[in-house]
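Here is the naming used below: chain letters follow the sequence lines, and residue numbers restart at 1 for every chain.
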There are 2 protein chains.
Amino acid sequence: MSDSRKAATGRPRGFDIDQALERAMRVFWARGYEGASLTELTGAMGITKTSMYAAFGNKEQLFRKALQRYGAGPAAYATCALEEPTARAVALAFLRGAVRTTTPPEGPSGCLTVQGALASGDESRAVHDLLVDWRNDAGARLEERFRRAVDEGDLPRDADPRRLARFVMTTGFGIAVQAANGLGPAELDEIVDTALLGWPA
Amino acid sequence: MSDSRKAATGRPRGFDIDQALERAMRVFWARGYEGASLTELTGAMGITKTSMYAAFGNKEQLFRKALQRYGAGPAAYATCALEEPTARAVALAFLRGAVRTTTPPEGPSGCLTVQGALASGDESRAVHDLLVDWRNDAGARLEERFRRAVDEGDLPRDADPRRLARFVMTTGFGIAVQAANGLGPAELDEIVDTALLGWPA
DNA sequence: AGGGTTCTGCACCGATCGGTACTTAATTGA
DNA sequence: TCAATTAAGTACCGATCGGTGCAGAACCCT
């Protein structure tokens, strides 16, 4: 099972699967899960529906792969930020990264995990829940990092890591909405600065 | 034109139009614009598609009416908050109101204007734009109120009303996403407190 | 009673939705 | 050369989408 060595038999795939996934990701990003139709998806990927189903399974699995790619690519800032030396630097890097990712010079504005399926019909509840988990995971990792910061004396002993993590996540989500609203990186960076004014010394 | 005196002629409407609109609003709130199908909408409203079309025009106009009702009802806090005596009190009332509205004891979590159509297909771009305007209007009113606060000496002379308004709106949007993520009012109120720690004296 | 008007319920519209059956094309190993 | 295997392209599936045509039902006024 799984993707071990590629079977060397059969007709070779006629398209770049990575590039196709990248393009699918951008369609999901711009349209959301339900708003992205198979016609638009496969059109952007440059392949037919048949090829998409053979390569990815179905629309939901394509989205899961796209989300994975999103996390490793545009949203990698969320993980990288954790490596900053201080809690404040982590928060700053996280939010600056959110600004950069949600306002690309080209491509869709906003955050895939926020626009993906905030509200949706019944049939895409699985995707909705997947995104809820994704977002909560990001918050949990931030919280863990801030907990460590308290241990290291980097944050005051009475600081609440969970609360701080939730605050940073909230600001990040808000930035995603503001980016979808049309705000640019300069304006969003100002918001980040304002948000961190009350950061615990 | 418009809704002058009701024509006293013809078969009377067999349902309460206000109650039907209220229920439609809640469906849009929970499902978003595209995620809410006419079948689910009319089912919740307790009427047939024909009656809905006769009473409201079409799905988009039903949504516009629902949004109007949302602004006058659940989202009235955004306007009421402006009447608080100080800028800080305005910001606090606004965010506390956002928390209350996005986490009702019953009914959908989150904010109708955020979940409505953050990302969507082409055919509902009109609704998408409508919501962008709605959200930006709320920010503009907040900005204007903060500008007045500077004039009144309530905010420091070097405070930036637009920046503060954007920050409050961003926090509000983030709260809406967190509410959709499952956070409750107590946790969200903590976030509000954290956000206002850096509020200019 | 009868006309005018408006609302309701049913059946139905074309378009699009996500997803597939089937044929043909391209490759490998024997 | 020839199975075996896998991808690609076409044409199609039933279901659902938003939206309507039409016949009657329920009210007003004359």
Side-chain angles (χ1 to χ4, degrees), chain A residues 1 3-21 24 27-28 31-66 116-117 119-128, chain B residues 3-21 24 27-28 31-66 116-117 120-128:
Chain A
M1 56 177 292
D3 49 331
S4 54
R5 287 297 137 248
K6 60 178 67 178
T9 172
R11 175 172 172 175
R13 182 171 285 126
F15 63 95
D16 182 332
I17 198 168
D18 260 22
Q19 174 182 318
L21 185 56
V27 173
F28 280 129
R31 304 293 196 183
Y33 177 69
E34 287 188 324
S37 72
L38 280 192
T39 304
E40 187 175 4
L41 282 165
T42 53
M45 298 164 86
I47 62 179
T48 64
K49 274 192 266 192
T50 315
S51 297
M52 193 285 278
Y53 274 87
F56 297 100
N58 59 20
K59 187 186 179 184
E60 181 179 332
Q61 290 180 356
L62 175 63
F63 182 81
R64 296 184 114 93
K65 291 276 188 186
S120 55
D122 263 334
E123 71 277 0
S124 48
R125 160 152 291 151
V127 169
H128 173 269
Chain B
D3 50 332
S4 52
R5 287 297 136 247
K6 60 177 70 177
T9 173
R11 176 173 171 174
R13 182 171 286 126
F15 61 96
D16 182 333
I17 199 168
D18 259 23
Q19 174 181 318
L21 185 56
V27 174
F28 279 130
R31 303 294 197 182
Y33 178 69
E34 287 187 324
S37 72
L38 280 192
T39 304
E40 187 175 5
L41 283 166
T42 54
M45 298 165 86
I47 62 178
T48 64
K49 273 190 268 191
T50 315
S51 296
M52 193 285 278
Y53 274 87
F56 298 99
N58 60 20
K59 188 185 178 184
E60 181 178 332
Q61 289 180 357
L62 175 63
F63 182 82
R64 297 184 113 94
K65 290 274 187 188
S120 56
D122 263 336
E123 71 276 1
S124 47
R125 161 152 291 152
V127 169
H128 173 270

Visitor: Which of these nucleotides, D/dG9, C/dT6, D/dG19, is closest to any side-chain atom of B/R11?
Guide: C/dT6

Visitor: Which atom pairs, one a donor and one an acceptor, fall under 3.5 Å between side chains of residues 46-54 of chain B and the rest of the protein, sequence neighbours left out?
Guide:
unit_1: B/T48; atom_1: OG1; unit_2: B/S51; atom_2: N; d: 3.4
unit_1: B/T48; atom_1: OG1; unit_2: B/S51; atom_2: OG; d: 3.4

Visitor: Nearest to the A/P12 side chain among C/dA26, C/dT8, D/dG19, which nucleotide is it?
Guide: C/dA26

Visitor: By nearest heavy atom, map A/G14 and B/Y53 onto DNA chain D; which one lands nearer the 5' end?
Guide: A/G14

Visitor: Counting heavy atoms from C-beta on, name the nucleotide in C/dC7, D/dT20, D/dA7 closest to the side chain of A/R13.
Guide: D/dA7

Visitor: Just the rounded figure in Å: distance from C1' of D/dT6 to CZ of A/F56.
Guide: 16 Å

Visitor: Using whole Å, what does the distance between atom P of nucleotide D/dG19 and atom CG of B/N58 come to?
Guide: 5 Å

Visitor: Has A/E60 got a side-chain atom pairing as donor or acceptor with A/A126's backbone, closer than 3.5 angstrom?
Guide: no

Visitor: Can you tell if the side chain of A/M45 reaches within under 4.5 Å of the side chain of A/L62, non-hydrogen atoms only?
Guide: yes

Visitor: Specify the separation, in whole Å, of atom CE of B/M52 and atom P of C/dT6.
Guide: 20 Å

Visitor: Could you work out which one of C/dG19, D/dA8, D/dG18 sits closest to the side chain of A/L38?
Guide: C/dG19

Visitor: Ignoring backbone atoms, test whether B/S51 places a side-chain nitrogen or oxygen under 4.0 Å from the OP1 or OP2 oxygen of C/dT8.
Guide: yes

Visitor: How many angstroms lie between atom OH of B/Y33 and atom NZ of B/K59, to the nearest 0.5 angstrom?
Guide: 5.0 Å

Visitor: Tell me the interatomic distance from B/D16, atom CG, to C/dC7, atom P, rounded to whole angstroms.
Guide: 15 Å

Visitor: Between atom CD in B/E40 and atom P in D/dA15, what is the gap in whole Å?
Guide: 20 Å

Visitor: Without decimals, in angstroms, what is the distance between A/F15 CZ and C/dA26 C1'?
Guide: 15 Å

Visitor: Base, sugar-phosphate alone, or nothing: which one does A/T50 contact when heavy atoms must sit under 4.0 Å apart?
Guide: base

Visitor: Which nucleotide sits closest to the side chain of B/K59: D/dG18, C/dC17, C/dA25?
Guide: D/dG18

Visitor: Return no unless some side-chain N or O of A/T39 is found under 4.0 Å from OP1 or OP2 of C/dC17.
Guide: yes

Visitor: Between A/E40 and A/V27, is there a donor-acceptor pair closer than 3.5 Å when you use the side chain of the first and the backbone of the second?
Guide: no

Visitor: Atom CD of B/E123 and atom C1' of C/dT16: how far apart are they, to the nearest Å?
Guide: 10 Å

Visitor: Please state how far atom CD in A/E60 lies from atom P in C/dG18, giving the value in whole angstrom units.
Guide: 13 Å

Visitor: Which nucleotide, D/dG18, D/dT10, D/dA4, lies nearest any side-chain atom of A/T9?
Guide: D/dA4

